[in-house]
Amino acid sequence: MALLTQAPKGTKDVLDSTPWQALEATLRRVAHSFGFHEIRFPTFEHTELFERGVGDTTDVVQKEMYTFTDKGGRSLSLRPEGTASVCRAVLEHGLLAQALPQKVYYIAPNFRYEKPQAGRLREHHQFGVECFGPSGADADAEVIALADTYLRALGLTDVSLELNSIGCSVCRPQYHAALKAYLSQHSLCGLCNERIQRNPLRILDCKNPDCQAIARQAPHSVDHLCGDCADHFAALQRHLTAMGIGYKLNPLLVRGLDYYTRTVFEFKAPGLGAQDTVCGGGRYDGLIETLGGPATPALGFGSGLERLLMTAEAQGIRLGGSAASDLYLCNAQVDGTACLQLTHALRQLGVKAERDTMGRSLKAQMKQADKSGCRYVVVIGDDEVAGGTVAVKHMKTGEQQPCALDAQAIAAMIHN
RNA sequence: GUGGGUGUGGCUUAGCUGGUUAAAGCACCAGAUUGUGGUUCUGGGGAUCGCCGGUUCGAAUCCGGUCACCCACCCCA
């Protein structure tokens with residue numbers, strides 16, 4: 001197969017979109033039930049937004065962005081994640097001057113120049129939720145509850161919630177200092193030696209056995225929280241328990257984006273390979289201010305649709321029903337006008353009607369009808385046109401019922 | 001960016017100690033007398049064996065390079 005070209009590395013065509021539609025419908029329904037409304041925003045933004053918003057020390061910004069210069073000389077980047085875009089939009093339209101909280105969700109593609117592997121693409125789709133305004137831990141609990149709700153609604157099992165707090169601008173510097181002091185007494189792997197500068201928290205979940213041993217003894221952020229952060233974290237745990245949402249504290253849980261403060265969490269699912277996080281997020285109380293807005297506490301999460309779909313498939317969960325037509329109309333005339341007309345009339349009534357456009361024989365049309373999975377078949381030939389009646393055949397039982405050659409009558413018959 | 005694995009018709013594969021027209025199943029199309037499917041039978045279309053180069057009288061089968069996909073690291077959803 002000498003194709004001229006193929007889909008770019010790390011991108012996917014979706015040939016059967018029914019699972020996607022079912023997934024997205026569930027996500028929307030749950031988001032709406034929690035009082036979130038949809039926001040849509042551009043696929044690319046000024047590069048600076050991500051540099052400042054996501055953090056210019058992160059891998060995502062440093063080496064994974066699709067950045068280009070447009071014909072006006074502006075540096076633009078394909079969105080690598082949604083939160084920065086949402087913040088920009090919310091600020092640009094003065095939403096934070098409206099009644100708080102502002103609760104929004106989105107379903108949108110993200111782009112990162114990464115090496116593809118299981119559960120990791122260069123273009124992936126994310127369901128994200130952002131909430132601006134509340135500082136209380138009950139808001140954290142609600143956002144986590146939203147995630148827990150749609151994961152359950154999808155029928156996913158064995159999904160575990162991991163929780164941690166990484167402190168705020170008050171206590172985190174002290175913790176970082178304590179961590180660095182500890183780590184400087186030990187010899188780490190080459191990678192971790194680089195991480196000390198960039199993101200020392202990452203060392204905590206290094207895969208290297210020696211580093212893991214060191215990490216086990218390392219000071220934990222939860223033990224270095226300031227009073228407010230400690231209270232917040234304790235309250236969150238109380239709220240989750242009150243709602244019956246199980247969780248597991250993971251003092252080594254770290255996130256790779258710079259903007260997180262206090263609460264960080266991940267939902268992990270088995271059966272995904274190494275990339276097992278199906279939803280990840282947390283609080284980012286300083287981000288809005290960093291982007292030039294009024295100091296506004298905020299929180300949210302992102303959840304990869306491809307990974308959700310993979311998890312569902314791994315667990316044998318079929319999302320979405322059949323897209324089959326209600327009715328297949330077979331033409332048995334030399335001139336197929338009667339079939340064409342009736343099909344059109346039925347479609348105007350909202351019936352999912354299909355007919356042959358490949359000039360097949362009647363027998364072949366029946367085979368097509370069978371394979372398409374439609375429930376009923378009607379044959380329209382000279383006899384039917386002359387007599388003004390057709391036989392509506394139920395494919396499962398093979399039984400045929402007479403019916404007037406009339407769209408309304410046929411529609412009524414197959415709809416009950 | 002680093003490492004490992006794989007690469008034969010739409011799909012899943014056989015062939016791979018080099019040798020006439022590259023095989024099978026599934027899928028697709030058409031038939032099995034007269035206007036009706038799901039089973040069965042018969043026939044048919046479709047691959048220059050990822051790509052380029054090398055070795056050889058001769059390569060899908062050997063060698064080199066390259067690309068792509070998969071998996072892992074890194075990072076993240």
Side-chain angles (χ1 to χ4, degrees), chain A residues 1-3 5-12 15 54 57-64 80-83 107-128 147 189-192 194-195 198-199 202 205-208 254-257 260 264 266-269 272-281 300-311 328-334 339 356 358-384 390-400:
Chain A
M1 131 186 106
L3 287 182
T5 185
Q6 52 189 296
K9 194 183 186 75
T11 66
K12 285 267 193 278
L15 269 21
V54 181
T57 66
T58 61
D59 276 15
V60 168
V61 167
Q62 271 190 346
K63 46 190 197 190
E64 295 178 0
E81 61 100 50
T83 301
I107 295 174
N110 289 343
F111 308 85
R112 296 179 197 165
Y113 189 84
E114 303 195 76
K115 190 143 177 187
Q117 69 182 72
R120 202 175 70 185
L121 297 164
R122 288 188 173 177
E123 179 186 22
H124 78 276
H125 297 77
Q126 215 169 100
F127 168 63
C189 69
L191 203 58
C192 283
E194 294 172 24
R195 285 197 265 230
R198 208 156 39 99
N199 193 345
R202 272 267 158 232
D205 65 358
C206 180
K207 299 286 195 300
N208 182 305
V254 173
R255 313 230 70 236
L257 306 181
Y260 286 109
V264 293
E266 290 186 10
F267 284 86
K268 296 188 177 185
L272 279 184
Q275 314 300 322
D276 60 353
T277 297
V278 94
C279 172
F301 66 73
S303 189
L305 301 202
E306 283 86 353
R307 288 189 189 174
L308 289 169
L309 258 10
M310 281 173 69
T311 304
Y328 195 104
L329 293 101
C330 297
N331 169 48
Q333 290 185 297
V334 177
C339 179
D356 174 60
M358 295 298 288
R360 286 182 228 268
S361 67
L362 177 61
K363 185 174 188 140
Q365 290 180 62
M366 287 300 296
K367 282 192 179 181
Q368 291 297 316
D370 182 54
K371 271 183 295 203
S372 77
C374 68
R375 284 156 43 229
Y376 295 95
V377 165
V378 165
V379 176
I380 302 130
D382 294 334
D383 296 348
E384 285 77 9
V390 295
V392 176
K393 177 169 183 171
H394 186 83
M395 290 300 269
K396 278 259 172 55
T397 64
E399 287 171 18
Q400 305 208 40

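Computed over heavy atoms, backbone and side chain alike; hydrogens, waters and symmetry mates excluded. Per chain, numbering begins at 1; letters A, B, ... match sequence-line order.
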If you check every side-chain atom of A:Ala118, which of B:C70, B:A72, B:G37 has the closest atom?
B:A72
OP1 or OP2 of B:C29 under 4.0 Å from side-chain N/O of A:Gln368:
yes
P atom, B:C26 versus B:U33: distance in rounded Å?
23 Å
Sticking with atom C1', work out how far B:G58 lies from B:G3, rounded to a whole angstrom.
38 Å
Has the side chain of A:Glu64 got a donor or acceptor atom sitting under 3.5 Å from an opposite partner on the base of B:C75?
no
Ignoring hydrogens and angles, answer whether the base of B:G38 and the side-chain atoms of A:Lys371 contain a donor-acceptor pair closer than 3.5 Å.
no
By nearest-nucleotide position on RNA chain B, the 5'-leaning member of A:Met395 and A:Ala7 is A:Met395
Determine, step by step, whether A:Asp382 and A:Gln333 satisfy the side-chain hydrogen bond (donor to acceptor under 3.5 Å, both in side chains) criterion, reporting the C-alpha distance in whole Å, the side-chain angles of both residues, the deciding distance to 0.1 Å, and the verdict.
CA-CA 6 Å; A:Asp382 294 334; A:Gln333 290 185 297; 2.9 Å; yes
Can you tell me, in whole Å, how much space there is between the P of B:U6 and that of B:C63?
12 Å
Say you pick atom P in B:U66 and the same atom in B:G5; how far apart are they, in whole Å?
16 Å
A:Gln126 vs A:His124 side-chain heavy atoms within contact, under 4.5 Å
yes
Contact check, side chains of A:Val61 and A:Pro80, non-hydrogen atoms, under 4.5 Å:
no
Give one of base, sugar-phosphate or nothing for A:Arg255, where a contact means two heavy atoms less than 4.0 Å apart.
sugar-phosphate
Interatomic distance, A:Asp59 CG vs B:U2 C1' [rounded to whole Å]
14 Å
How would you label the contact of A:Arg122 with the nucleic acid (heavy atoms, under 4.0 Å): base, sugar-phosphate, or nothing?
nothing
Consider the side chain of A:Val60, meaning its heavy atoms from C-beta on, and name the nucleotide among B:C75, B:C73, B:C74 that approaches it most closely.
B:C75
Polar side-chain contact A:Gln117-B:C74 base: donor and acceptor under 3.5 Å:
yes
Taking OP1 and OP2 of B:C69, is either one under 4.0 Å from a side-chain nitrogen or oxygen of A:Lys9?
yes
Base of B:U36 paired with side chain of A:Lys367 (donor-acceptor, under 3.5 Å)
no
If I pick the P atom on B:A77 and the same atom on B:G4, what distance separates them, to the nearest angstrom?
29 Å
Answer yes or no: does a side-chain N or O of A:Arg120 lie under 4.0 Å from OP1 or OP2 of B:C71?
no
A:Thr11 or A:Glu81, whichever maps to the more 5' nucleotide of RNA chain B
A:Thr11
In whole angstrom, give me the gap between the P atoms of B:C49 and B:U21.
14 Å
Under 4.0 angstrom, heavy atoms only, what part of the nucleic acid is A:Gly281 near: base, sugar-phosphate, or nothing?
nothing
Does A:Arg122 qualify as a cation-pi partner of A:Tyr113, given the criterion of NZ or CZ under 6.0 Å from the six-membered ring centre and within 45 degrees of its axis?
yes
Answer with yes or no whether A:Asp370 presents, from its side chain, a donor or acceptor under 3.5 Å of a partner atom in the base of B:G37.
yes
Would you please enumerate the stems RNA chain B participates in, each stem being three or more consecutive Watson-Crick or G-U wobble pairs with both distances under 3.5 Å?
B:1-7 with B:67-73, B:10-13 with B:23-26, B:28-32 with B:40-44, B:50-54 with B:62-66
Do the side chains of A:Glu114 and A:Lys63 get nearer than 4.5 Å, heavy atoms only?
no
In Å and rounded to the nearest 0.5 Å, what is the CG to OG1 distance from A:Leu121 to A:Thr11?
8.0 Å
Do A:Glu384 side-chain and B:G35 base share a donor-acceptor contact under 3.5 Å?
yes
Taking atom P in both B:C74 and B:A27, compute the distance separating them and give it to the nearest angstrom.
44 Å
Rounded to the Å, how far apart are A:Arg360 CZ and B:C29 C1'?
8 Å
Charged N to carboxylate O below 4.0 Å: is that the case for A:Glu123 and A:Lys12?
no
Interatomic distance where CD belongs to A:Glu114 and C1' belongs to B:C74 [whole Å]
9 Å
Rounded to whole Å, CE of A:Met358 lies from C1' of B:C28 at a distance of 11 Å
Can you check the A:Asp276 CG to B:C73 C1' distance for me, whole Å?
15 Å
To the nearest Å, how far apart are A:Gln365 CD and B:C28 C1'?
17 Å
Please state the C1' separation for the pair B:A22 and B:U13 - nearest whole angstrom.
14 Å
Whole-Å distance separating the NZ atom of A:Lys396 from the C1' atom of B:G37
14 Å
Nearest whole Å is fine: how far is B:G10 P from A:Gln6 CD?
14 Å
Classify the nucleic acid contact of A:Gly273 as base, sugar-phosphate or nothing, counting any heavy atom under 4.0 Å across all strands shown.
sugar-phosphate
Could you tell me if the side chain of A:His125 sits less than 4.5 Å from the side chain of A:Asn110, heavy atoms only?
no
